[in-house]
Amino acid sequence: MKKTYKIDVDCANCANKMELAANKVEGVASAAVNFMALKMKVEFEEGADVDAVMKEVRKACRRVDDDAEVYI
């Protein structure tokens, strides 16, 4: 399953760090951040609990940048 989420991030470097952090979360098959569109596309692993995984993605992104936000 793939979903797109709106994000709020200040710079392209922080967006790259968010992408790297999201890809390390268990349950995420792949994640891609588009800084210009302020969007994050996430593909979930088969059988993953989307809500639980996205809560972990949000936590991981906030550890990278306190101002970063993923709207779930």
Side-chain angles (χ1 to χ4, degrees):
M1 171 190 289
K2 292 182 184 180
K3 288 187 130 188
T4 302
Y5 298 90
K6 183 176 184 226
I7 63 170
D8 186 17
V9 64
D10 295 332
C11 69
N13 187 43
C14 295
N16 186 49
K17 290 179 182 178
M18 285 176 67
E19 182 176 309
L20 294 172
N23 275 299
K24 293 179 182 176
V25 173
E26 189 174 329
V28 174
S30 68
V33 172
N34 182 328
F35 173 67
M36 295 303 288
L38 292 176
K39 302 272 184 192
M40 176 187 287
K41 290 185 180 182
V42 181
E43 183 175 352
F44 299 94
E45 292 178 353
E46 189 71 32
D49 179 354
V50 173
D51 293 331
V53 170
M54 283 310 297
K55 286 180 183 176
E56 291 303 313
V57 167
R58 179 188 252 175
K59 286 181 192 175
C61 290
R62 284 189 177 157
R63 282 193 292 269
V64 169
D65 182 0
D66 291 339
D67 294 334
E69 183 61 68
V70 179
Y71 298 100
I72 54 177

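Values in this document were obtained by computation on a predicted structure and should not be read as measured data. What you see below is based on every heavy atom in this structure, not just the backbone, and it leaves out hydrogens, waters and symmetry mates.
Cluster partners of V64 are absent, since no Ile, Leu, Val, Met, Phe, Trp or Tyr has side-chain heavy atoms less than 4.5 Å from it. Cluster partners of M18 are M1, Y5, I7, V9, V25, V28, V33, F35, M36, L38, M40, V42, F44, V50, V53, M54, V57, V70, I72, counting Ile, Leu, Val, Met, Phe, Trp and Tyr whose side-chain heavy atoms approach within less than 4.5 Å, directly or via other members.
Pairs passing the side-chain hydrogen bond (donor to acceptor under 3.5 Å, both in side chains) check and including a residue from residues 62-72, sequence neighbours excluded, read R58-E69, R62-E69. Pairs engaging residues 6-28 under the side-chain hydrogen bond (donor to acceptor under 3.5 Å, both in side chains) rule: none recorded [sequence neighbours left out].
Scanning all heavy atoms of the two residues, the minimum distance from A48 to G27 falls at CB-O, 3.8 Å. Pairing each heavy atom of A68 with each of C61, the nearest pair is CB-O, 3.9 Å.
For K3, the side-chain hydrogen bond (donor to acceptor under 3.5 Å, both in side chains) criterion is met by no residue, not counting sequence neighbours. Taking A37 as the reference, N34, K39 meet the side-chain contact (heavy atoms from CB on, under 4.5 Å) condition, with sequence neighbours excluded. The side-chain contact (heavy atoms from CB on, under 4.5 Å) check on E43 picks up K2, A29, S30, with sequence neighbours excluded.
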